[in-house]
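I have placed the structure first, in the form of structure tokens, so that the comments after it can refer back to it.
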Amino acid sequence: IQKMVDTFAAVIAVAINLISYFESERNYKFLYEGSVAGLDPLQDLLNHTPYEITDKFASDSYKGLRLIKNRYESDSTCTAYRILIIILILILDVTTVFHYINYLKILKLKKLRVPEDTLFTSGLLKKIIIEILICSICLPPGADYWFSGRILDGVYHYSIDTIFSVINLIKAYWVLRLFHLYTPWGSDQAIRLCKKYKCQASVTFAIKAELKRRPYAMLGVLMGATIILLGYSMRQFERTFRGDFYNGSLAKDFAPWWDYVTNGLWIIIVTMTTVGFGEAYPITHLGRLIGVFACLVGMLLMSLMVVALTAQSEFTVAEAKAFEILQRINANDNAQEKAANVIRNVIKLSVKLKKTTPKGYVERFLVFTELTKSCNVYSNENRIAKSHTLPVNEMLHQIKKKFKNDISDLRKEVEIIAKTEQRCRALHERTLSSLDKIKEIIALQKMTAELVTKIHNINLEKKQQL
């Protein structure tokens, strides 16, 4: 039941984000591309403060936008989207309560809560309130506000709708909760083992376990989720910036470039990998904040990728042993080759010693120099070959293995001693029982002897009387 409830909640959370995306796109087109004359309202803001445009957008060229100072009126489609989001949020809040009701039942079955506990007395009330507040974040119909500002001789324009479309991404934590339920690290057996070793089988434990088990797959999932969330957020914040080229703006106008969601994902990728091709970059304050967060997360994920690659490229015990033996063989082959060069130069020198001409002396000197050089090379190669003894890692592994074997043997001996002690105790108890039985037998023997003696005396008396 818990898995079904959480799956349903995750589907509702994803649906809320999708509807919020469509509503934000509709609102953007309505607000920035809805003019009859095809003009861009933000471009007209470049030389005006927000309070100077009260009458500017009242002209026929901006018919339908109805911008009044820091407020606008969205169309009926945006209103319908927001009402649908509110309905789904109410369903998500109810599902959250059901989630904690089932969770409390599970805690009671595991005897982690007393049967009399309720949601108010079990310590879960605080978590329920926090989750309901997070899930209830939404923009009601009619809350059509916006604000703008200048940066780098350009103007940015944030609507409340854009900000809430990014905040709604927090609801994706329900999908992360599913990861804990659909992996073996959240099973009943995992929970029992974690409890035995005094740890919790939480979402964090599941992520760490998957990083150990399948590091590349887990890092790929984390990187993909991060790229999607941050790329969408940066695109939402940056697409409303307009640079004033006519007045010598210090920043480029990337507004058409940010219209594509894939471009936002691309910028996050080149930011996380610290490449930075420079075709676009964040300019607004919130966009730069997302960029900083992408840099930090990117460095973390890249470092984890390097660690995973290092761990995967390490030799196993058998591979390390084979590598060291092959390295030793190659070093011996090199040393033998250099020894052959020394012998070859000695033979050349012996031949040159027979010549007594001036030219022979020169050749003798050159061969002697080459012989000295080859001897030095052979000496170095021979030293390297002798140095390829058992590697430190192999030595440590063998010591560790021997230590484990000794500990295992000692544990077996201790177990044998414990069993022997139990057997001795059982033997002692049996011995005491046998002694009691022997005493009973001796007592019976005494009674039998006395009875036989009495019978014998009676028979003797009868004989004497006769």
Side-chain angles (χ1 to χ4, degrees), residues 169-170 172-173 175-186 190 193-194 197 199-235 238 261-282 286-328 330 384 387-388 390-401 404:
L169 296 175
I170 301 175
Y173 76 90
V175 180
L176 185 63
R177 183 171 282 169
L178 284 184
F179 173 78
H180 175 245
L181 293 176
Y182 282 93
T183 56
W185 317 111
L193 287 174
C194 288
Y197 293 103
C199 62
Q200 293 183 352
S202 59
V203 177
T204 306
F205 174 77
I207 293 175
K208 291 179 180 179
E210 281 297 317
L211 284 173
K212 292 289 186 181
R213 182 186 180 189
R214 295 178 295 184
Y216 294 114
M218 191 60 195
L219 286 173
V221 171
L222 291 176
M223 189 170 291
T226 304
I227 290 170
I228 292 173
L229 296 177
L230 297 182
Y232 173 75
S233 301
M234 182 177 287
R235 180 243 187 186
E238 289 296 316
V261 179
T262 53
N263 286 339
L265 305 184
W266 170 250
I267 286 299
I268 293 299
I269 291 173
V270 299
T271 302
M272 291 176 63
T273 55
T274 65
V275 176
F277 290 110
E279 67 269 44
Y281 46 85
L286 294 181
R288 289 179 175 181
L289 180 62
I290 297 297
V292 171
F293 191 71
C295 290
L296 296 176
V297 176
M299 287 189 292
L300 175 62
L301 293 179
M302 289 298 106
S303 61
L304 290 176
M305 187 76 73
V306 172
V307 171
L309 180 62
T310 303
Q312 291 292 325
S313 62
E314 286 184 353
F315 282 138
T316 62
V317 177
E319 290 173 343
K321 188 174 182 179
F323 172 75
E324 290 298 330
I325 292 174
L326 289 173
Q327 197 173 15
R328 194 183 312 159
N330 292 333
I384 293 173
S387 66
H388 282 288
L390 198 62
V392 177
N393 292 334
E394 180 67 18
M395 292 176 62
L396 292 175
H397 175 73
Q398 290 188 4
I399 293 172
K400 184 179 179 180
K401 185 177 180 180
K404 286 184 177 180

Nearest 0.5 Å, please: how far is [atom2] in [Y] from [atom1] in [X]?
{"X": "Tyr281", "Y": "Ile267", "atom1": "OH", "atom2": "CD1", "answer": "10.5 Å"}
{"X": "Ile227", "Y": "Met272", "atom1": "CD1", "atom2": "CE", "answer": "5.5 Å"}
{"X": "Thr271", "Y": "Leu296", "atom1": "OG1", "atom2": "CG", "answer": "11.5 Å"}
{"X": "Leu301", "Y": "Met218", "atom1": "CG", "atom2": "CE", "answer": "10.5 Å"}
{"X": "Thr273", "Y": "Met305", "atom1": "OG1", "atom2": "CE", "answer": "11.0 Å"}
{"X": "Met223", "Y": "Leu304", "atom1": "CE", "atom2": "CG", "answer": "9.0 Å"}

Looking at every non-hydrogen atom in both residues, tell me the closest pair between [X] and [Y] and how far apart they are.
{"X": "Ile268", "Y": "Ala294", "answer": "CD1-CB, 4.0 Å"}
{"X": "Gly287", "Y": "Met234", "answer": "O-CE, 3.5 Å"}
{"X": "Leu169", "Y": "Ser233", "answer": "CD1-OG, 3.5 Å"}
{"X": "Thr183", "Y": "Ala206", "answer": "OG1-CB, 4.2 Å"}
{"X": "Leu265", "Y": "Tyr232", "answer": "CD2-N, 4.4 Å"}

- Query: With Tyr182, which residues qualify under side-chain hydrogen bond (donor to acceptor under 3.5 Å, both in side chains), at least two apart?
  - Reply: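 Tyr182 satisfies side-chain hydrogen bond (donor to acceptor under 3.5 Å, both in side chains) with Thr7 only.
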- Counterpart residues, side-chain hydrogen bond (donor to acceptor under 3.5 Å, both in side chains), relative to Arg213 (two or more places apart):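 Partners of Arg213 by the side-chain hydrogen bond (donor to acceptor under 3.5 Å, both in side chains) criterion come out as none, since no residue qualifies.
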- Is there side-chain contact between Cys295 and Thr274, with at least one heavy-atom pair below 4.5 Å?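 A side-chain contact is absent here, since even the closest heavy-atom pair is not under 4.5 Å.
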- For residues Met302 and Val306, determine if any side-chain heavy atom of one lies less than 4.5 Å from a side-chain heavy atom of the other.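 Result no, sub-4.5 Å side-chain heavy-atom pair not found.
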- Residue Phe179 excluded, over 12 heavy atoms near CZ under 6.0 Å: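 More than 12 within 6.0 Å, yes.
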- Any pair with a residue in residues 214-231 that passes side chain to side chain donor-acceptor pair (under 3.5 Å), sequence neighbours left out, goes on the list, sorted by first then second residue, please.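 Checked against side chain to side chain donor-acceptor pair (under 3.5 Å) - neighbours excluded - the pairs reaching residues 214-231 are Glu210-Arg214.
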